[in-house]
Structure formats: structure tokens, C-alpha cells
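First comes the structure, then the notes that go with it.
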Amino acid sequence: MEFRYIYRGLGVGLLGGLLAFVFARIFAEPFIQDAIDYEDGRHEAQEALDAAAGLAAGAHDHGEVFSRSVQRNLGIGVGMALFGLAMGGLFVVVYLIVSRRYPNIRPRVLAALLAGAGFVGLYLVPFAKYPANPPAIGHEETIGARSGLYVTMVAVSVVALGLAVVVGRWLADRVGTWNASLLAAVVFLVLVGVAMALLPDYGHLGSNRAEFGDFATETPQPLAAPDGTIVYPGFPADVLFRFRFYSVVSQLVLWATIALAFGQLAERIAAAPARRQAQTAAATGADRPAVAEPTAAG
């Protein structure tokens with residue numbers, strides 16, 4: 001029985017990843033290209049300033065292992081498909097564990113609740129602290145530190161979500177399900193809020209502070225000549241906002257697909273024994289010979 005759920009969970013995860021890729025390819029990819037164009041233009045402006053000052057031009061590797069066409073199509077597509085497959089596998093494992101503990105919850109409802117928790121815990125909360133960035137934002141020197149901080153935020157979010165569920169279950173019999181759910185939500189928000197306050201922003205990392213100083217940002221500021229004249233603008237705010245917005249929506253597409261598709265499939269699996277029993281009973285009744293009713297004499 002479990003394998004029937006697992007195969008379907010992996011399948012809907014793969015489907016969700018592909019749908020998220022289609023969405024991202026249409027809406028988010030153009031802003032990735034805008035960010036790359038900005039980065040190239042900024043490097044050219046910096047090289048011109050360095051040449052005017054008699055400085056050696058900084059190294060800027062324009063070579064690409066994979067072309068932009070491969071990156072924006074096959075690369076992103078394969079990456080998001082594998083990510084969806086992984087999330088589908090994780091989702092179905094959690095679903096099987098929770099469904100055994102709470103067998104009275106309708107599969108469709110349980111799938112929606114778990115997918116919502118996955119979206120919030122694994123993506124939305126970490127995104128609130130460390131949002132996705134397009135190319136040209138962030139230094140290469142900080143990639144390791146940024147990755148570590150993001151993984152830490154994901155771990156904190158998942159642990160906080162688990163603790164909130166435990167608190168909610170413990171309080172349910174004492175204050176009622178509704179009040180327990182509200183208190184559990186407060187516990188979750190407090191825990192992730194404390195973590196967000198303690199963990200440093202990307203802009204406070206060494207390389208970013210060295211370049212942008214008190215701005216404490218990783219977003220490129222306007223490039224100025226020694227006399228203060230701005231020779232190249234800062235990173236466009238609308239490009240950054242739209243990239244991040246469509247990144248969130250693409251993840252929402254993934255998790256919504258998992259919730260809706262798996263919920264429907266799980267409903268069918270759960271209803272299958274009842275359907276077979278009804279069909280068997282109907283077939284047995286049809287094969288049973290009819291018994292003539294006695295008639296009254298006289």
C-alpha cells in the first residue's frame with residue numbers, strides 16, 4: 001500500500017517541478033537575463049574607470065561552461081524537476097507518517113495542510129530572511145557563508161514548525177483546538193523571529209561591508225568616479241523585486257501542485273477498498289439464486 005503512495009508522491013513532485021519550471025522560464029528568466037546584462041555593463045564601466053586611473057583591469061571571465069540557452073532551458077528545467085522530485089519524496093514520507101497517526105483526517109485535507117506547511121517551513125520563512133537573488137547580487141567570496149546561513153534558517157524553520165505542532169497537540173485538550181492552533185502559531189513566529197534577529201543579514205558579511213560600508217547590503221550601489229560622478233546606476237529595484245516575486249510564485253506552483261494532485265490521488269487510493277467491497281457485494285448478490293416467496297393458500 002505504501003508504495004502506491006510513494007510512486008504517486010514522486011510523480012506529483014516531478015510534475016510540480018516541471019510546472020514551476022515552465023512558470024519560471026516564462027516570468028522569472030527574463031529578469032535573470034536583465035541581471036546578467038547589468039553585471040556585464042557594470043564590469044565594463046569599472047574597467048573603464050580603472051583604465052582612466054592607470055590601474056590594471058580586474059579579471060572578469062566572460063567564458064561560460066554552458067551557453068545561456070542551455071542554462072535557461074535544460075539547466076533550470078532539470079534542476080527544478082529534480083528539486084520537485086525530492087520535495088515530492090519528502091512530502092509523501094511525512095504524509096504516510098502523519099496519516100497513520102491521524103487516520104480520521106480526509107486525505108485531501110491532510111495533503112493540503114502538509115503541503116502548506118512545507119511551503120511555509122521549507123521556503124517562505126527562510127526566504128523572508130534570505131530572499132533569492134539574481135546574478136550580479138552578492139560576492140563570490142560570500143557564497144559559502146550565504147549557503148550556510150540559508151541552510152541554518154531552513155533548519156531553524158523546520159524545527160520551529162515541529163515544536164509548534166507538538167505544543168499545539170499538547171494544548172489541544174486543555175484550551176481547545178482553535179486556541180491551541182493560535183498559540184502554536186505564536187510559538188512558531190516567536191522562534192523564527194528570534195532566529196532572524198540573531199542571524200546576520202547577507203549585507204553584513206565581510207565582503208559586502210567592505211564594498212558598501214554602512215549600507216549593509218549585497219545589492220550593487222551606483223558606481224561613481226573619483227570626483228563623485230555616477231558612471232553606472234545601482235542595480236534596478238524593479239528587476240530585483242520581480243525576480244523575487246516570481247521566485248515565490250514558482251515555489252507556490254510547486255507546492256500547490258503537490259497538494260492538489262496528491263490529495264486527489266490519495267482520495268482514490270483510500271476509497272479503493274470500499275469500492276472493491278461494494279463491487280464484490282453487488283456481484284455476490286447478482287449470482288445468488290432467487291428464492292421464491294411463499295404464497296398464501298386458499
Side-chain angles (χ1 to χ4, degrees), residues 6-44 59-93 115 118-119 121-124 126-127 130-151 153-154 202 218-220 235-236 238-262 264-265:
I6 292 174
Y7 294 147
R8 286 161 175 79
L10 293 174
V12 299
L14 180 60
L15 175 63
L18 292 175
L19 291 178
F21 160 67
V22 172
F23 178 89
R25 179 64 181 83
I26 296 173
F27 294 99
E29 171 59 30
F31 298 104
I32 296 178
Q33 186 60 53
D34 289 343
I36 292 174
D37 293 341
Y38 171 88
E39 185 176 31
D40 290 339
R42 185 182 180 93
H43 276 291
E44 291 176 0
H60 178 45
D61 185 10
H62 293 276
E64 295 178 333
V65 178
F66 299 102
S67 67
R68 279 292 299 143
S69 178
V70 172
Q71 292 174 17
R72 73 175 65 184
N73 294 299
L74 183 62
I76 298 178
V78 171
M80 296 195 72
L82 292 177
F83 178 79
L85 193 66
M87 292 301 100
L90 176 63
F91 171 85
V92 72
V93 169
F119 172 70
L122 292 174
Y123 182 78
L124 192 59
F127 179 92
Y130 300 121
N133 286 328
I137 294 184
H139 288 275
E140 294 182 359
E141 295 84 354
T142 64
I143 290 178
R146 284 184 283 149
S147 300
L149 288 172
Y150 184 81
V151 171
M153 193 64 230
V154 172
Y202 285 159
E218 57 180 346
T219 305
F235 192 88
D238 58 338
V239 173
L240 180 58
F241 169 78
R242 292 181 183 181
F243 173 81
R244 289 176 173 176
F245 174 76
Y246 289 130
S247 297
V248 173
V249 177
S250 67
Q251 284 291 316
L252 186 59
V253 169
L254 167 64
W255 288 102
T257 301
I258 292 176
L260 297 175
F262 186 85
Q264 185 64 30
L265 295 174

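At least one side-chain heavy atom of Trp255 sits less than 4.5 Å from a side-chain heavy atom of Ile258. Residues Leu122 and Met87 form a side-chain contact, since some pair of their non-hydrogen atoms from C-beta on lies under 4.5 Å apart. Side-chain contact between Phe91 and Val12 is absent, with no heavy-atom pair separated by less than 4.5 Å. Using a 4.5 Å cut-off on side-chain heavy atoms (C-beta onward), Tyr202 and Tyr150 make contact. Within the 4.5 Å cutoff, the side chain of Asn133 has heavy atoms near those of the Leu240 side chain. Under the 4.5 Å side-chain criterion, counting only non-hydrogen atoms from C-beta, Tyr246 is not in contact with Ile26.
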Worked verdict on Val253 versus Phe21 for side-chain contact (heavy atoms from CB on, under 4.5 Å): CA-CA 9 Å; Val253 169; Phe21 160 67; over 6 Å; no
For Ser247 and Tyr123, run side-chain contact (heavy atoms from CB on, under 4.5 Å): C-alpha distance rounded to whole Å, both residues' side-chain angles, the deciding distance at 0.1 Å, then the answer. CA-CA 10 Å; Ser247 297; Tyr123 182 78; 3.6 Å; yes
Verdict with supporting geometry, Phe83 and Leu254, side-chain contact (heavy atoms from CB on, under 4.5 Å): CA-CA 10 Å; Phe83 178 79; Leu254 167 64; 3.5 Å; yes
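For Tyr130 (side chain) and Arg146 (main-chain N/O), no donor-acceptor pair under 3.5 Å exists by modelled atom type.
Note on ring orientation: taking the six-membered ring where Trp is involved, the planes of Tyr38 and Phe235 are perpendicular (angle over 60°, cut-offs 30° and 60°).
Separating the CD atom in Glu29 from the CG atom in Asp34 is a distance of 9.5 Å, to the nearest 0.5 Å.
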